[in-house]
**Q** 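Pasting a structure below so you can have a look.
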Amino acid sequence: MTTRALTLLVILTLAATTCASGAARDVESLKGVTAFKVELEYKPSPGTASYLELTAGHLQATVEARLRDGGLPVLELGDPYLRIHILSGGNDHGLIMYGVELDFMQEGPSADDTAFLETWQLHSAGIVDNREMQGQVQKDLEDGLDEFIHDWFSVNPTASE
């Protein structure tokens, strides 16, 4: 990867992270949600898949278990849903760009009454050495889930009783 391309990658990553920190985290939108399902999409690029010794099935089970252990009611089917995307790309000079996105999707007002809107979101992104890839993705995913659990209980306090 050229210096110019690496610089652009760093700028885009920082921009994405900066935008994500100010993204919609409408905690109030979680109020009254009694249960939800999890949709996980895991898209490592061919050049980075070998650094993530994870499968979509393993990640789905891990996410659902963490949410249930945190006291949240997770459904197998239904709406609304917590959408999780895990992406990675590049592998030049041992550096990998990754992203972890959590978006809570609920039905919203629309012309056709079938649209789902992001009402809560938390995204993280970074560039890491390929040896740190799996640990960093897992950390960002766990941190995001912890934030979601915290926000959910902040507006649904009686759910923990």
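Computed from heavy atoms alone, side chains included, the values below leave out hydrogens, waters and symmetry copies.
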**Q** Would Leu122 and Asp151 count as a side-chain contact (heavy atoms from CB on, under 4.5 Å) here? Give the steps.
**A** CA-CA 11 Å; Leu122 184 65; Asp151 287 355; over 6 Å; no
**Q** Mind checking whether Leu67 and Leu82 have side chains closer than 4.5 Å, heavy atoms only?
**A** yes
**Q** Is it possible for you to say whether Trp152 and Leu75 belong to one hydrophobic cluster, with membership spreading through side-chain heavy-atom contacts below 4.5 Å?
**A** no
**Q** Among residues at least two apart in sequence or on other chains, which ones pass salt bridge (charged side-chain N to carboxylate O under 4.0 Å, His left out) with Glu41?
**A**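 Partners of Glu41 by the salt bridge (charged side-chain N to carboxylate O under 4.0 Å, His left out) criterion, ordered by chain and then number, come out as Lys43.
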**Q** Using the side-chain contact (heavy atoms from CB on, under 4.5 Å) criterion, which residues pair with His58? Sequence neighbours excluded.
**A**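 In terms of side-chain contact (heavy atoms from CB on, under 4.5 Å), with neighbours along the sequence ignored, His58 is linked to Leu54, Thr55, Thr62.
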**Q** Should Leu40 and Val137 be counted in the same cluster of Ile, Leu, Val, Met, Phe, Trp and Tyr side chains packed under 4.5 Å apart?
**A** yes
**Q** Partners of Glu147 by salt bridge (charged side-chain N to carboxylate O under 4.0 Å, His left out), sequence neighbours excluded?
**A**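 By the salt bridge (charged side-chain N to carboxylate O under 4.0 Å, His left out) rule, Glu147 matches Arg25.
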**Q** How many angstroms lie between CG in Asp69 and CG in Leu145, if you round to the nearest 0.5 Å?
**A** 11.5 Å
**Q** Glu101: which residues meet the salt bridge (charged side-chain N to carboxylate O under 4.0 Å, His left out) condition with it, sequence neighbours left out?
**A**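 By the salt bridge (charged side-chain N to carboxylate O under 4.0 Å, His left out) rule, Glu101 matches no residue at all.
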**Q** Between Val27 and Ser154, which heavy-atom pair has the shortest distance, and what is it?
**A** CG1-OG, 3.3 Å
**Q** Give the intermediate values and the outcome of side-chain contact (heavy atoms from CB on, under 4.5 Å) for residues Glu118 and Met105.
**A** CA-CA 5 Å; Glu118 291 178 1; Met105 307 297 291; 3.3 Å; yes
**Q** Would you say His123 and His85 make side-chain contact, with heavy atoms under 4.5 Å?
**A**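 No, side chains not in contact.
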**Q** Side-chain polar contacts of residues 28-35 - donor-acceptor pairs under 3.5 angstrom, sequence neighbours left out - could you list them?
**A**
unit_1, atom_1, unit_2, atom_2, d
Ser29, OG, Asp26, O, 2.5
Ser29, OG, Thr119, O, 3.2
Ser29, OG, Thr119, OG1, 3.1

**Q** With rounding to the nearest 0.5 angstrom, report the CZ to CD1 distance, Phe148 to Ile84.
**A**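 Phe148 atom CZ to Ile84 atom CD1 measures 9.0 Å (nearest 0.5 Å).
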**Q** Can you name the salt bridge (charged side-chain N to carboxylate O under 4.0 Å, His left out) partners of Arg66, sequence neighbours left out?
**A** Asp146
**Q** Can you tell me how far CE of Met97 sits from CE of Met133, rounded to the nearest 0.5 angstrom?
**A** 10.5 Å
**Q** Less than 4.5 Å apart, side chain to side chain, heavy atoms only: is that true for Asp79 and Lys37?
**A** yes
**Q** Please report the closest heavy-atom contact between Leu102 and Val100, naming both atoms and the distance.
**A**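 Shortest heavy-atom separation between Leu102 and Val100 comes out as CD1-CG1, 3.9 Å.
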**Q** OH/Tyr98 to CD1/Ile86 distance, rounded to the nearest 0.5 angstrom?
**A** 11.0 Å
**Q** At their closest point, which heavy atom of Gly71 faces which heavy atom of Phe153, and how far apart are they?
**A** O-CZ, 3.6 Å
**Q** Hydrophobic clustering (ILVMFWY, side-chain heavy atoms < 4.5 Å, transitive) - are Leu87 and Val128 grouped together?
**A** no
**Q** Going by the rule side chain to side chain donor-acceptor pair (under 3.5 Å), which residues pair with Gln138 if we only count those two or more places apart in sequence or in a different chain?
**A** none
**Q** So how far is it from Gln136 CD to Ser124 OG, rounded to the nearest 0.5 Å?
**A**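 Atom-to-atom, Gln136:CD and Ser124:OG are 8.0 Å apart.
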**Q** Just how far is it from atom CD of Gln60 to atom OH of Tyr42, taken to the nearest 0.5 Å?
**A**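 Between Gln60 CD and Tyr42 OH, I get 13.5 Å after rounding to 0.5 Å.
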**Q** Minimum heavy-atom separation for Arg68 to Val74, with atom names?
**A**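 In terms of heavy atoms, the two residues are closest at NH2-O, 3.1 Å.
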**Q** Among all residues two or more places apart in sequence or in another chain, which pass the ring-ring contact (aromatic ring centres under 6.0 Å, His included) test with Tyr81?
**A**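 Listed in chain order: Phe116.
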